[in-house]
Amino acid sequence: MSDLILEEITRENIIDAIQEFDIGIEHQFGKSTGYDVLFEGRRYPPKAIVGIAAKYVINKQLGPYDFKGGLKSK
């Protein structure tokens, strides 16, 4: 995934993605393995949230093999 896509994802996109995750939007991501997004006291898998949020920027939800996570990721 291009860093440009990441730079265009806004806080509002992340919150919208979290809301969609909470209602059960389909995605291909597994559970987080080391890091979580913490929002309003709940933990979320960061790659899933970013993958869902990407659709607000590129009109396409990303999957687990479209980008990498971890310490060296943005």
Engineer: So, does Asn13 use its side chain to make a donor-acceptor pair with the main chain of Thr10 at under 3.5 Å?
Structural biologist: yes
Engineer: Would you check if the side chain of Lys47 reaches a backbone N or O of Pro64 as a donor-acceptor pair within less than 3.5 Å?
Structural biologist: yes
Engineer: Where do Ala53 and Ala17 come nearest, in terms of heavy atoms and distance?
Structural biologist: N-CB, 3.6 Å
Engineer: Show your reasoning for whether side chain to side chain contact (heavy atoms under 4.5 Å, CB included) applies to Val37 and Arg42.
Structural biologist: CA-CA 8 Å; Val37 172; Arg42 294 191 61 201; over 6 Å; no
Engineer: First locate atom CD of Glu40, then atom CG of Leu38, and finally report the distance between them rounded to the nearest 0.5 Å.
Structural biologist: 10.0 Å
Engineer: Under the ring-ring contact (aromatic ring centres under 6.0 Å, His included) test, which residues partner Tyr44, sequence neighbours left out?
Structural biologist: Phe21
Engineer: Less than 3.5 Å apart, which donor and acceptor atoms pair up between the side chains of residues 23-30 and the rest of the protein, not counting sequence neighbours?
Structural biologist:
unit_1, atom_1, unit_2, atom_2, d
His27, ND1, Phe29, N, 3.1
His27, ND1, Phe29, O, 3.4

Engineer: Any chance you could measure Ile15, atom CD1, to Ile49, atom CD1, to the nearest 0.5 Å?
Structural biologist: 11.0 Å
Engineer: Who are the side-chain hydrogen bond (donor to acceptor under 3.5 Å, both in side chains) partners of Glu20, not counting sequence neighbours?
Structural biologist: Lys55, Tyr56
Engineer: Is Val50 close to Leu62 at the side-chain level, that is, under 4.5 Å between some pair of heavy atoms?
Structural biologist: no
